[in-house]
Amino acid sequence: MSVTAEKFQISEGGARFLASPRNMLIGNEWTAPASNRYFDVENPASGEVIAHVAEGAKEDIDGAVRAARRAFESGSWPRMSASERGRLLWKLADLLEDRAQEFAELETLDNGKPLTVSKAVDVPLAVDLFRYMAGWATKLEGSTIPVSVPYAQGAEFLAYTLREPVGVVGQIIPWNFPLLMAAWKLGPALASGCTVVLKPAEQTPLSALHLGELILQAGYPEGVVNIVPGFGETAGAALAAHPDVDKVAFTGSTEVGKLIVKAAGESNLKKVTLELGGKSPNIVFADADLKAAVPGAANAIFFNHGQCCCAGSRLYVHRSVFDQVIDGVAERAKQMSVGQGFDPQSEMGPLVSHDQLTCVCSYLEQGSREGARAIVGGKRIGDRGYFVEPTVLVDTQPGMKVVDEEIFGPVVTAMPFDDPDEIAAVANDTIYGLAAAVWTKDISMAHKLARRLKAGSVWINCYNVFDAALPFGGYKQSGWGREMGRAALDLYTEIKAVTIQL
Ligand code: ADP
């Protein structure tokens, strides 16, 4: 591992965007916050301030919700055809694709991830998501339903269902994939005809705000998309508790997810969807193709510096190949080039913030106190920026915090297993259920295990495979509902049953 030199250059569009304080997007106007307060946004590779962003709070959320409500009830949005809505989403995808480089650079500067990753993963997946959802706008169909009505013998009815947008939607997103999470949220909401108040994470508000410029350029009607940056306890909490918001969609920690549910229940029982934490098992069998499984296991935990809710953070390896696999993953960790994201050599950047660094380091210390042994990594790198060594922990067992809790950093706990029949129960022994993976050549066994694993995504002989068409979300305390795919659309619509007596 080596931390590389700190040098970057960003293109003109990004530089222009960063040059002045960024306001909130409310009713298609860039609006200063009621408090007139702006917060600092920093580059996690250096800790330097790179931008000043409006600190939205309750009053601003109120204004944004009013704009979204007006847009939902009147104006051109509710009258727009499904085809036109689809075209607007497609246009947004085109505009984003045209400026892919600029968005990738902002993402890397703000979040810390390697530019190679922002360019290859974050921006293209966001573009693809908007295009996928554009296609759904014209396909949200109801059905005709034969009804019998036992107490109305002889009467004839025509009954059908309408799928209608759920209304004004509050969307609260995290900092690990700032642009992509905005796309996952906005895409299905706009395709189904909702209006939105989006609150980006305070650590990484830049790409969502920049996307706001493209939303204006694409020609979205006034108030359809409102973007209010700010802190969770103020802006986020106000959105979750707002009595005129019909649904809140949240991605973040399980702890905050529970606060969202409480706020929804205590205000207006708004609909809630949640994509929360994970502690995903990654299971390598003795017959697996280790040439694929070893880099696969490394990618499962080290991709995005382990800051993925679906990270493969519990690695279970059959005892007969345990040393071979663990040594391979450790070797991969040793060779990883850790450095600031603009260095083309960087495979891993800094964690997103000082808080995140403190959190991950305290897990490492706690793990070591509880008897876990780092065979590679285990500490912070340097004292500038928030870099942590990719880490493999062995001698771990359930009951240890590093095994039971989500670390959200590049730290994997590796454990051997003996009995393949027992591995599903071991893998499911967690409060979470977001993802799981199985590496084996025994396809029948892999399919059987896929059925037994309590997780929203199961990958077989691969990891971190995402597609706009594939639903993503959690069992148990990993969440409610699904993002992406047809499943996401269902959760942005209400079903209305219409019955006519003939
Ligand atoms: P993390 O702990 O990884 O930062 P959080 O769950 O705290 O994740 O944050 C995810 C998103 O939730 C961010 O946009 C954050 O501002 C927001 N958030 C944090 N606390 C609250 C809260 N009490 N109510 C609503 N949103 C919140």
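Just follow the structure's listing: the first ligand is 1, and inside any ligand the first atom is 1.
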Ring geometry between [Y] and [X] (parallel below 30°, tilted from 30 to 60°, perpendicular above 60°):
X      : Y      : result
Trp175 : Phe408 : perpendicular
Phe472 : Phe466 : perpendicular
Phe17  : His210 : tilted

Centroid-centroid distance, Tyr463 to Phe303, less than 6.0 Å: no
Using a 3.5 Å cut-off on N/O to N/O, what pairs does ligand 1 make with the protein? A line per pair would be great.
unit_1   : atom_1 : unit_2 : atom_2 : d
ligand 1 : 3 (O)  : Trp175 : NE1    : 3.4
ligand 1 : 4 (O)  : Trp175 : NE1    : 2.9
ligand 1 : 6 (O)  : Ser253 : N      : 2.8
ligand 1 : 6 (O)  : Ser253 : OG     : 2.8
ligand 1 : 14 (O) : Ile173 : O      : 2.7
ligand 1 : 14 (O) : Lys199 : NZ     : 3.2
ligand 1 : 16 (O) : Lys199 : NZ     : 2.9
ligand 1 : 16 (O) : Glu202 : OE1    : 2.5
ligand 1 : 16 (O) : Gly232 : N      : 3.2
ligand 1 : 24 (N) : Gly232 : O      : 3.4
ligand 1 : 24 (N) : Ala237 : N      : 3.4

Nearest non-hydrogen partners of Lys199 and Gly230, listed with the distance: NZ-O, 2.8 Å
Salt bridge (charged side-chain N to carboxylate O under 4.0 Å, His left out): pairs with one or both residues in residues 250-264, sequence neighbours excluded: Lys262-Glu266
